[in-house]
Amino acid sequence: MPPRKRARVTRRTSNPGKDDDDDGDGETISPVKETVPKKKTTRKAKEVSEPPASPQYCRWLMKSEPESRLESGVDMKFGIEDLKALPDQTDCWDGVRNYQARNFMRQMKEGQVAFFYHSNCKEPGIAGVMKIVKEAYVDHTQFDKKDVHFDGTSKADNPKWSMVDVQYQRMLKRFLPLSELKKYHLQHRAKSGPLKDMALFTRARLSVQPLTTEEFDFIVSLEDEEPL
DNA sequence: GCCAACGTTGGC
DNA sequence: GCCAACGTTGGC
């Protein structure tokens with residue numbers, strides 16, 4: 001991994017008390033309902049604790065700030081151009097300090113794709129596409145006292161935070177501004193369309209969020225449309 | 001720079 | 001376990 005990483009997104013040092021909530025990702029967004037096979041006397045508790053029956057997503061959206069902003073003296077800037085400029089155009093997505101976002105990263109599988117979203121900037125929106133090239137592993141910055149995202153409550157034998165590696169794939173043919181996505185979202189909410197429940201609007205502050213394939217495909221199709 | 005939305009903390 | 005205070009995210 002590259003030398004100096006700026007962080008992205010959610011920081012927050014949490015505390016020992018309530019940590020680990022495994023993974024469930026409490027969600028309200030679940031597209032798929034799961035019927036729990038409760039019956040059966042023959043089967044005992046299946047394996048240990050179940051991997052929570054969460055719907056499995058395979059498309060993602062990840063936010064990062066493309067413009068300079070100092071946080072504790074450290075520049076948080078990391079836009080898609082910065083990812084593209086790295087060796088192998090690959091980087092680890094460190095610094096996520098929000099349980100829901102972390103849990104989504106833990107669900108990511110190698111080869112899946114994610115939108116690179118530019119947040120907290122002049123023109124927020126989706127800039128391009130990247131690919132997950134390494135599944136969730138320990139985010140080392142939680143143990144680095146010098147890092148902005150150091151978390152003193154995380155223990156080496158039970159690390160709290162994870163990250164994945166992402167690789168630049170391509171820019172979108174045109175930048176898709178949040179304002180445009182929002183128009184579609186409102187339209188689709190009124191008439192029912194693919195973006196009616198998009199997490200970008202229903203869970204505004206989530207820095208790592210899932211997309212259904214319908215949402216993803218619709219958004220990609222906008223590349224060839226005139227700006228709304 | 002403002003501030004609404006919302007996650008986290010911690011007293012009780 | 002409730003909930004008020006607090007801190008952060010991120011659009012505008």
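Below, read A as the first sequence line, B as the second, and so on, with proteins coming before strands; counting in each chain starts at 1. Since the structure is predicted, the reported quantities are computational estimates derived from the model, not experimental observations. Both backbone and side-chain heavy atoms feed into the values below; hydrogens, waters and symmetry mates do not.
To the nearest angstrom, P of B:dT8 lies 11 Å from NZ of A:Lys160. Atom CG of A:Asn120 is separated from atom C1' of B:dG1 by 12 Å (rounded to the nearest Å). Regarding A:His118, its NE2 atom lies at a distance of 18 Å from the P atom of C:dT9, rounded to whole Å. Between A:Glu67 atom CD and C:dC12 atom P the separation is 14 Å, expressed in whole Å. Put simply, CD on A:Glu71 is 11 Å from C1' on C:dT9, counting in whole angstrom units. Atom-to-atom, CG of A:Asn98 to P of B:dT9 comes out at 11 Å; the value is rounded to the nearest Å. Following rounding to the nearest Å, A:Arg203 (CZ) and B:dG7 (P) show an atom-to-atom distance of 7 Å. Look at CD on A:Gln209: it is 15 Å from C1' on B:dA5, rounded to the nearest Å.
For the pair A:Tyr117 and C:dG11, the criterion of a side-chain N or O lying under 4.0 Å from OP1 or OP2 is met. Distances shown here put every side-chain N or O of A:Lys63 at or beyond 4.0 Å from the OP1 or OP2 atom of C:dT9.
Between A:Lys196 and A:Glu215, none of the side-chain N atoms (NZ, or NE/NH1/NH2) sits under 4.0 Å from a carboxylate O, so this pair counts as no salt bridge. Ion pairing between A:Asp75 and A:Arg69 fails under the 4.0 Å rule for side-chain N and carboxylate O. In this structure, A:Asp224 does not pair ionically with A:Arg174, as no charged nitrogen and carboxylate oxygen lie closer than 4.0 Å.
Among the heavy atoms of the strands lying under 4.0 Å from A:Lys182 are primed sugar atoms or P, OP1, OP2 only; no base atom is included. When heavy atoms are screened at a 4.0 angstrom cut-off, A:Phe201 is found touching no nucleic acid atom at all.
Interatomic distance, A:Ser207 OG to A:Asn120 CG, rounded to the nearest 0.5 Å: 12.5 Å.
Of the listed nucleotides (C:dG11, C:dT8, C:dG10), C:dT8 has the atom at the smallest distance from the side chain of A:Arg205.
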